[in-house]
Asker: 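Below you will find the structure I want to go over with you.
Numbers restart at 1 for each chain; the letters A, B, ... are given by sequence-line order, proteins then strands.
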Amino acid sequence: MTQNTTPSPRPDSSGGDARGPQYRYNAQLADTIELKWQAWWDAHNTFVVKNPGEPGFDASRPKFYCLDMFPYPSGAGLHVGHPEGYTATDILCRFKRMKGCNVLHPMGYDAFGLPAEQYAIQTGVHPAITTKKSIETFRRQLKRFGFCYDWSREVATIDPEYYKWTQWIFLKLYSTWYDPAFQRRDGGVGSGRPITDLVGELERGVRGIGPSGEIVALESGNVLSGSAIGIRRWHELSDRERRAVIDDQRLAYIGEQTVNWCPKLGTVLANDEVIDGKSERGGYPVLRKPLRQWMFRITAYAQRLLDDLDTINWPSSTKTIQAEWIGRSEGAEIDFGIIDAPKGVEPFLRVYTTRPDTIFGATYMVVAPEHPLVEQTLRHPRPETNITALRAYVEQARNRSDIERQESKVKTGVFTGIHALNPATGQKIPVWTADYVLMGYGTGAIMAVPAHDERDYEFAKKFDLPIRDVIYPRLVEGMRYYTEHNRDHEQQPESWVSSLADFLGLLTTRNAGSEQFAAIMADVLRRRDEGESADSWEAAIDVLLSDAAAVSNRRGATKAIWLEAIEDLGLDDPADLRHRFENASFYAVSGNAYTGPGHAVNSAGNDVSLDGLGVDDAKQRITQWLDAQGIGNRKVNFKLRDWTFSRQRYWGEPFPIVFDAHGNHYPVSDAALPVRLPELSDYAPIESEDPLPLLGKARDWMNTTAGAAGVSPDALPPSTPVTRETNTMPGSAGSSWYFLRYCDAHNSDRFISREAESYWMDGGVDFYIGGSEHAVGHLLYSRFWHKVLYDLGEVSSREPFAKLFHQGLITSFSYQRADKTLCPNDQVDEVSEGVYIERATGAKLSPVVAKMSKSLKNVVNPDDVIAEFGADTFRLYEMYMGPLEQSKPWNPRDIAGCFRFLQRAWRLCVDEETGNLRATETTSPDLEKLLHRMIHKVGADIERLAFNTAIATMIEFVNAGTSATPTLTRHQIGRFALCLAPFAPHLCEELWSKLGHATSIANEPWPSVDDSLLRDDSVELPVQIAGKVRARVTVAANATEETIRAAALADEKVIAFLADKSVQKVIIVPGKMVNIVAK
RNA sequence: GGCCCCGUGGCGAAACUGGCAGACGCAUGGGACUUAAAAUCCCUUGUCCCGCAAGGGACGUGUGGGUUCGAUUCCCACCGGGGCCACCA
C-alpha cells in the first residue's frame, strides 16, 4: 500500500500476517484460493455465454445484458474507481445467472485517442505498442478481481477487425439522409433513409430542389407548378449541382462551420471536449474558427433524442443535462427589411426570437461578427459605416478565444451603418454587430428588445440606444417577479410609501387589521387611477422589497399571501377589490430589463395591435400576423450543434473516404474495409494556426488510385489518382457502438448478426453503469448512432441503454493547511490520535476529503490492496463503503473490517487447523430462520443495488452463527455460500468444493426462501404517548386493532403515564406502533 | 448568475411507502486468553442531566418555520458542501 494514505497508521489486522493456524483465512490463503479459481474458471469457460443458434444456448431463459463502460487503458493501470462499477455489475451478473438468466457481461478497451498519442510522444514509443501493453495490464488486473466477464467477447477499438465496422457505420451515415416526413416503423414521423432512395425520388420527379437547395416533395400532378415557383428538377441539374444537392443531405457531411480549434493539440474538438473554453485534455486554449470538417447531422435527430429520454430509465439528472444540452426552444423567425441594402445582400435580415410578442420594443438589431451581412457591408459600406472600426471589431472578435469571451462579459459592438425596418412599428432601427450574438445559434442575428432582455438592456445602456417598454406586469405578477429576483434599488421612498410598509407588516403578522388594509389598498388604487407616475409605483415596490428579509420565509408564496389577505378582509365586496388589485399594472423599468410575465402595452401598429394581451396570447397573435404578411413563422430551435467528427491527429480510425482531383469525395466500398491506419514514425502534433492532419505525412498511403483504395468502379475508374482523407475519427467513434459488437464479437460478415442483435439488444442494454462525466458525450452520440441504425433497420431497439446508473467517485483523504492549501500525504505525520502535522514545518493540518491525485500522493493502487487482503476483500470493501451512486472516501482502516468478516465467515465453516468443513449435524430453528431472512434480504438488496446493506445482513448472520451452538449444518453452509458467492466468489467456490461439489457455484440456482419463516408469530410494538415511546407491548402478529388497543392501554407503564390525563385518541398502525394522544 | 443533488455520532453509514433514529463496519474504552505481544473472542460507546447502583429524565438527523396524532422522510425560507450549464435571443 502507498504510504501515509490513511489518517492513522495501518491497522494491525493486516491480511499479510502469515502466523496463526495453517488454514486461517489470511492473505496467502486468499491469494492461493483466488488464483486457483480464476484458473479454473478460465479452463472451464465458466462465464462464456452462448448466442442464439449456438449449441448449448438455452432459449427458455430470459436475457440480461449488463454493460460496464469500457476503460481507456492508460499506462498507469486500473485505479480504485474502475473496480467499483465493475464489482457492482459483477455481483448483479452473478446473481442474475443464479436466478436463471442468460447473462451477457462483456469487457473491452477504448484504446484510440489523444492521451495514448501524447504518452507515446513523451516516451518516444509508438502508441500501438504502449496501448497494447496498457491493455495487457488492464486485462491482468481485471482478471485478478475475479470478474465474471465473458473474455471470449473482448474487443478493442484499435483492432482493425473492430474499426472496420466503425468505418462501415460511418459510411452508413454518409449514405443516409433525413426525411422529416417519413413514417417510421415505430409510428413516429421523420426517419433516416438511404440516400439512394432520395436519388430515386429525385429522378422520378417525386421531389425537387427548392431555391436554397432544400429538398421539397412534389405531388405527382403538381410538377409543373412546382417549377413555376423556383423549384428545379433533377434532370435540370448539372452533375456538379446534383452532387452538391446530395452531399448537402448526408448525415455525415463536410461542412464549413465554426469549430473549436486547439492550436496546442493541433486538432479540432467536439463541444463536449471543451470545458470552460479549454481543452478537456491538457487544458489548452481553444479558439473558434471556421473550418471545413466532417460533421454529423445530429441536429436532425434533436427532437427524437429529446423525446425518447422519456422512454428510458436513466438518472433524472443525466436526462436533464442531455435535455438542456439539446436545448429546445420555441419562437419565431422574422424577416426585417433592410433599408438600402448593400450589393449582394438579401433585402431582409432574418432573426430568431423566443419573444415575438415584444417586437414593438425592438429598437435595434444585432448580427454576429461572422454574419454574412457584416462581410458584405465591409465590401459595400453604407455612408454611415465606419469601415475601420467595423473591420477592427470583426478581426478582434475572430481572434478572441472562448476563455476571453467568458472572462469579460462586458458588452462590445459596432454600428454597421445599416438600417432596418421594424415591421410592427414601421420605424427605422439601426443594425449593430456584437459578439454577444452567436453565429451558431438561430440565424446569427437578433432583434434587440432592451426593455425585456437583460443582454439587450445592458447593450442599449452602454451604447445609448432607445428602450421601449412593451410589457407591463400585473401587480401580483410584478410583485412575485421582483420578490424572486430580489432586486437592488436606489430610489428614496416617497411619502405615501410608508403605508405600503405598514401593509407589509400586516401581511407578515397576519393579524386581521382589515380596516387598515382596506385604507391602504384604497390609497394605492386611487394613486394608480389618478395617474401617479410610474416612478412612485416603482419606488413603492422597491421599498417593499427592501423589507423582503421580513417576508423571506414567505417567498414564492407571495401571490397566495396577497390573495389570502384580501379574502381575510371581510369587505362587502372583496371580489371587486381583488379584481382591481389583480389587474393593476405598473411600470417595470428600473435599472433592469423586465423578463417576467405581464401583458402587452405600447404595442399597437397600423395593422396589428397586441395591447392588453398576455404574453402567450400576444405571441400567438403576432406570429399569425407575421405569417399573414409573409415575413415570419413559428420556429423551433435547438442549442445542439452538429457533431464535429474530424481530428487532425494520428491515433484514431482513418476515414474510409478518398478525394479526386476536383475535391469530390467518394466512399471506400465495404469490401475494401478496413482502411488501415498507416505506420508513422513521426506522430508528434504539428502546432499550428491551421489544421494539418498528421496522416498527411504518410505520402505513399495518402496518394493512391481509386482502384487501390477500393472505390467502386461505378463511381470512379480504378486508375483515377485519388488522395485519401487524412483526418482521423475522434475517440468517441469507437465507443459509440461497442456494446453492439460484444453481442457478436467475431462476426466477419456483419457488425452484428441479426439474431444476436435481436436477442441481446431486445429493449436495449438492460443495465449500463459508468461515470456521469459522459452525460453529453458518449451517452448522446451512442443514442444518435443507434437511432440512425434503427431507422435503417440495422438494429431493433430505439434506444441503446434501457437502464443507466452512475457510480459515485471514490475519493481519498488529504490534509489541509491553515491557508486551505493541501499538503501531500507523504509529508504528513500523525503525532497522536487524530492530530496531524506537516513534517517540514510542524504546522497542524486538518484531514479533509479530496480527489485522488498523483500530486497529493493519495492514490491507492488496487494491486497493493489485493496483495494485502485479496480480491474478495477488495470487492467487499468497495461495495460496503456506502451507496453505489454516492461519492465516498477511501479509508484503508475500514478494509480490515471486511477482511475480518470473511475471516469469521471462513472460520464459521472451516476448521482452521485441519482445513476440513466443520458442519454440525443439527442446528437451531432461530439460525435457520435468520438464514432465510438473510437470503431474502440479500436478494432484494442486490436487486435494488444496495450492496452495502446486503453485506451488513450477511455480517449479522455470521456473527449470530459464530455465537450459536450448534452452528451451521452442511445444508446451511451451502446456502450461506450461495448467498455470499456474488460478493466473494473465490472464497465461496472453495467452500462449495469443500462441500463435495465438482461444479462451479456460479451456475447454481439462488437458494429458495420459505416465506413462513420471514414472519414472526408475535411482534413487539412501541407505545407512544404524545409522540414519545413510553412502553412496549407484545402482541400476536395478526392481532386486530382492538386487541392492540386493549393490550396497550392495559400496560402498567402506560397506565402510570396516563394517570392524570384523559385519552383523546389512539392511533394504531398494525405491525408498526401505537400512538396515544392524551391531555 | 441559472438548474440539479447532498447535509444523520469521533468516522463510513442504516432507517425501502410519514411510524421505535443511529442497523452494520471502523475507531474508542474496558475485559478474557498469553510470560509478553500480535491475532482472536466478549462487553462498552449519540449528547447532556439525576443516581453509589439498578435505573430514570431531557435533548438530538445543518438552521428557522409549516403540515401531521407522529417528520431524517413532505412543504417554504435560509446557511453550508458538491455537480452541471453559463451571453443559445
Side-chain angles (χ1 to χ4, degrees), chain A residues 7-8 11-14 17 19-21 24 26 276 315-318 320-321 324-325 327 329 331 351-355 358 366 405-406 409 411 434-438 440-443 445-449 453-456 458-459 549 551-557 637-641 772-773 775-776 809 833-834 847 849 877 880-883 885-898 900-901 903-904 907 912 940-941 944 946 948-949 951-956 959 962-963 1020-1024 1026-1029 1032 1064-1067 1069 1071-1078:
Chain A
S8 79
D12 294 327
S13 54
S14 159
D17 184 4
R19 286 165 291 187
R24 170 159 293 172
N26 58 25
D276 292 338
S316 59
S317 59
T318 307
T320 306
I321 290 170
E324 285 174 356
W325 186 264
S329 71
V351 302
Y352 173 72
T353 177
T354 54
R355 292 295 302 273
T358 61
V366 185
R405 280 189 182 219
Q406 279 166 18
K409 282 197 175 168
K411 296 282 179 292
D435 68 0
Y436 82 92
V437 172
L438 309 174
Y441 184 76
T443 61
I446 61 157
M447 64 175 208
V449 185
D453 181 282
E454 279 159 27
R455 299 150 300 184
D456 296 343
E458 215 181 303
F459 193 81
V551 281
S552 62
N553 63 340
R554 297 183 188 276
R555 241 192 229 183
N637 248 326
F638 296 92
K639 287 188 201 171
L640 185 69
R641 312 290 159 82
S772 55
E773 67 273 18
V776 290
L809 195 69
E833 181 69 33
V849 170
Y877 171 61
Y880 190 60
M881 287 171 83
E885 68 276 15
Q886 219 170 76
S887 148
K888 34 203 181 257
W890 181 274
N891 187 351
R893 238 195 277 238
D894 292 343
I895 304 172
C898 291
R900 286 204 281 257
F901 161 60
Q903 205 168 47
R904 281 202 304 279
R907 191 182 302 120
E912 290 189 326
D941 281 355
R944 66 185 184 101
N948 51 337
T949 51
I951 294 167
T953 308
M954 291 188 282
I955 294 174
E956 282 182 85
N959 290 347
T962 301
S963 54
E1020 191 189 66
L1021 299 183
V1023 181
Q1024 298 182 350
K1028 289 191 165 50
V1029 179
R1032 288 163 200 286
Q1064 309 277 306
K1065 200 173 174 186
V1066 180
I1067 290 131
V1069 185
K1072 292 282 186 190
M1073 46 71 68
V1074 179
N1075 192 5
I1076 299 169
V1077 187

Asker: Is there a Watson-Crick or G-U wobble partner for G12(B) with both distances under 3.5 Å, and which nucleotide is it?
Answerer: C24(B)
Asker: Output a table of nitrogen or oxygen pairs between the protein and nucleotides 68-73 of chain B separated by less than 3.5 Å.
Answerer:
| residue | atom | partner | partner atom | Å |
| --- | --- | --- | --- | --- |
| C69(B) | O2 | Asn1075(A) | ND2 | 2.6 |

Asker: From C4(B), C87(B), C41(B), pick the nucleotide closest to the side chain of Tyr436(A)?
Answerer: C87(B)
Asker: Please report the distance separating the C1' of G18(B) from the corresponding atom of C4(B), rounded so that it comes out in whole Å.
Answerer: 25 Å
Asker: Nearest 0.5 Å, what's the CE-CZ distance between Met1073(A) and Arg1032(A)?
Answerer: 11.5 Å
Asker: Check Thr443(A) against Val351(A) and note the closest heavy-atom contact, atom names and distance.
Answerer: OG1-CA, 3.3 Å
Asker: Just how far, in rounded Å, is P of A23(B) from CD of Glu956(A)?
Answerer: 10 Å
Asker: Side chains of Val1074(A) and Pro1022(A): closer than 4.5 Å at any heavy-atom pair?
Answerer: no
Asker: Heavy atoms under 4.0 Å is the rule here; annotate nucleotides 45-50 of chain B 5' to 3' with B where the base is hit, S where only the sugar-phosphate is, and - elsewhere.
Answerer: ------
Asker: Looking only at non-hydrogen atoms, find the nearest pair between Arg355(A) and Thr358(A) and report the distance.
Answerer: O-OG1, 2.7 Å
Asker: In whole Å, what is the span from the CG atom of Asn959(A) to the C1' atom of C43(B)?
Answerer: 14 Å
Asker: Phe459(A) has an atom CZ; how far is it from atom C1' of C87(B), in whole Å?
Answerer: 12 Å
Asker: Choosing from C41(B), C84(B), G19(B), which nucleotide comes nearest the side chain of Arg907(A)?
Answerer: C41(B)
Asker: Does G9(B) count as syn, meaning its glycosidic angle lies within 90° of 0, or as anti?
Answerer: syn
Asker: What's Ile446(A) touching, base or sugar-phosphate or nothing? Going by heavy atoms closer than 4.0 Å.
Answerer: base
Asker: Now, which nucleotide makes the Watson-Crick or G-U wobble pair with U67(B), with each of the two distances under 3.5 Å?
Answerer: none
Asker: Which one, C85(B), C26(B), C4(B), comes nearest to the side chain of Trp325(A)?
Answerer: C85(B)
Asker: Take atom C1' in A23(B) and the same atom in U72(B), then report the distance between them in whole Å.
Answerer: 15 Å
Asker: Could you tell me the Watson-Crick or G-U partner of G7(B), where both distances fall under 3.5 Å? Say none if there is no partner.
Answerer: C79(B)
Asker: Tell me the interatomic distance from Phe901(A), atom CZ, to C24(B), atom P, rounded to whole angstroms.
Answerer: 13 Å
Asker: Can you tabulate the close N/O pairs, meaning under 3.5 Å, that link protein atoms to atoms of nucleotides 56-58 of chain B?
Answerer:
| residue | atom | partner | partner atom | Å |
| --- | --- | --- | --- | --- |
| A58(B) | OP1 | Arg1030(A) | NH2 | 3.4 |

Asker: Just call it for Gln1064(A): base, sugar-phosphate, or nothing, with non-hydrogen atoms closer than 4.0 Å on any strand.
Answerer: nothing
Asker: Determine the minimum heavy-atom distance between Arg641(A) and Tyr441(A), stating which atoms define it.
Answerer: NH2-CB, 3.9 Å
Asker: Which atom names give the shortest non-hydrogen contact between Ala448(A) and Asp456(A), and what distance separates them?
Answerer: CA-OD2, 3.3 Å
Asker: Students often get this wrong, so: under 4.0 angstrom with heavy atoms, is Arg1032(A) touching a base, only sugar-phosphate, or nothing?
Answerer: base
Asker: Between Trp890(A) and Ile895(A), does a side chain to side chain contact (heavy atoms under 4.5 Å, CB included) hold up when you go through it step by step?
Answerer: CA-CA 9 Å; Trp890(A) 181 274; Ile895(A) 304 172; 3.6 Å; yes
Asker: Would you mind telling me which of C3(B), C87(B), A27(B) lies closest to the side-chain atoms of Glu324(A)?
Answerer: C3(B)
Asker: Could you report the tightest heavy-atom contact between Ala775(A) and Thr318(A), atom names first, then the distance?
Answerer: CB-CG2, 3.9 Å
Asker: Taking pairing as Watson-Crick or G-U wobble with both contacts under 3.5 Å, can you name the mate of G18(B), or confirm there isn't one?
Answerer: none
Asker: What integer number of Å spans the P atoms of C33(B) and G46(B)?
Answerer: 28 Å
Asker: Do Ser329(A) and Asn637(A) get their side chains close enough for a donor-acceptor pair, meaning under 3.5 Å?
Answerer: no
Asker: Quick one: the side chain of Lys1072(A) and the base of C20(B), do they pair up donor-acceptor inside 3.5 Å?
Answerer: no
Asker: So what does Asp456(A) hit on the nucleic acid, given a heavy-atom distance under 4.0 Å: a base, only sugar-phosphate, or nothing?
Answerer: nothing
Asker: For the OG1 atom of Thr962(A) and the CD1 atom of Ile955(A), what is their distance to the nearest 0.5 Å?
Answerer: 11.5 Å
Asker: Ignoring backbone atoms, establish whether Ser317(A) has a side-chain N or O less than 4.0 Å from OP1 or OP2 of C84(B).
Answerer: no
Asker: Taking only the side-chain heavy atoms of Ala952(A) (C-beta and beyond), determine which of A23(B), A89(B), G25(B) contains the nearest atom.
Answerer: A23(B)
Asker: Identify, with sequence neighbours excluded, every residue that meets side chain to side chain donor-acceptor pair (under 3.5 Å) alongside Lys888(A).
Answerer: Glu84(A)
Asker: Please give the distance between the P atoms of C20(B) and C11(B) as a whole number of Å.
Answerer: 24 Å
Asker: Take atom P in G55(B) and the same atom in A71(B), then report the distance between them in whole Å.
Answerer: 29 Å
Asker: Determine the interatomic distance between P on A27(B) and the same-named atom on C85(B); round to the nearest Å.
Answerer: 40 Å
Asker: Using Watson-Crick or G-U wobble geometry with both distances under 3.5 Å, which nucleotide pairs with C84(B)?
Answerer: G2(B)
Asker: How many Å lie between NZ on Lys639(A) and P on C3(B), as a whole number?
Answerer: 13 Å
Asker: For A54(B) and A39(B), measure between their P atoms and round to the nearest Å.
Answerer: 32 Å
Asker: Could you check how far CG of Leu438(A) sits from C1' of A89(B), rounded to whole Å?
Answerer: 9 Å
Asker: Over 60° means perpendicular and under 30° means parallel, so tell me whether Phe459(A) and Tyr436(A) are parallel, tilted or perpendicular.
Answerer: tilted
Asker: Rounded to whole angstrom units, what separation is found between the CD atom of Glu773(A) and the C1' atom of G83(B)?
Answerer: 12 Å
Asker: Tell me which of Cys898(A) and Arg904(A) sits closer to the 5' end of RNA chain B, going by the nucleotide each one is nearest to.
Answerer: Cys898(A)
Asker: Using a heavy-atom cut-off of 4.0 Å across all strands, would you classify Ser772(A) as base, sugar-phosphate, or nothing?
Answerer: nothing
Asker: Mind checking side chain to side chain donor-acceptor pair (under 3.5 Å) for Glu912(A) and listing every partner two or more places apart, or none if nothing turns up?
Answerer: Arg24(A), Arg907(A)
Asker: Closest approach to the side chain of Arg900(A), judged atom by atom: which nucleotide of G25(B), C26(B), A89(B) is it?
Answerer: C26(B)
Asker: Looking at every heavy atom in both Thr949(A) and Thr953(A), which two are closest together, and how far apart are they?
Answerer: O-OG1, 2.8 Å
Asker: Measure from the side chain of Val1069(A), starting at C-beta and using heavy atoms only, and say which of G19(B), A89(B), G25(B) lies closest.
Answerer: G19(B)
Asker: U40(B) P sits how many Å from Arg24(A) CZ, rounded?
Answerer: 7 Å
Asker: Check the interface with nucleotides 12-18 of chain B: list each N/O to N/O pair with the protein under 3.5 Å, or write none.
Answerer:
| residue | atom | partner | partner atom | Å |
| --- | --- | --- | --- | --- |
| G12(B) | O2' | Met881(A) | O | 2.6 |
| A13(B) | OP1 | Gln886(A) | OE1 | 3.0 |
| A14(B) | OP1 | Asn948(A) | ND2 | 3.0 |
| A15(B) | OP1 | Arg944(A) | NH2 | 3.4 |
| C16(B) | N4 | Lys937(A) | NZ | 3.2 |

Asker: Take atom C1' in G65(B) and the same atom in C79(B), then report the distance between them in whole Å.
Answerer: 15 Å
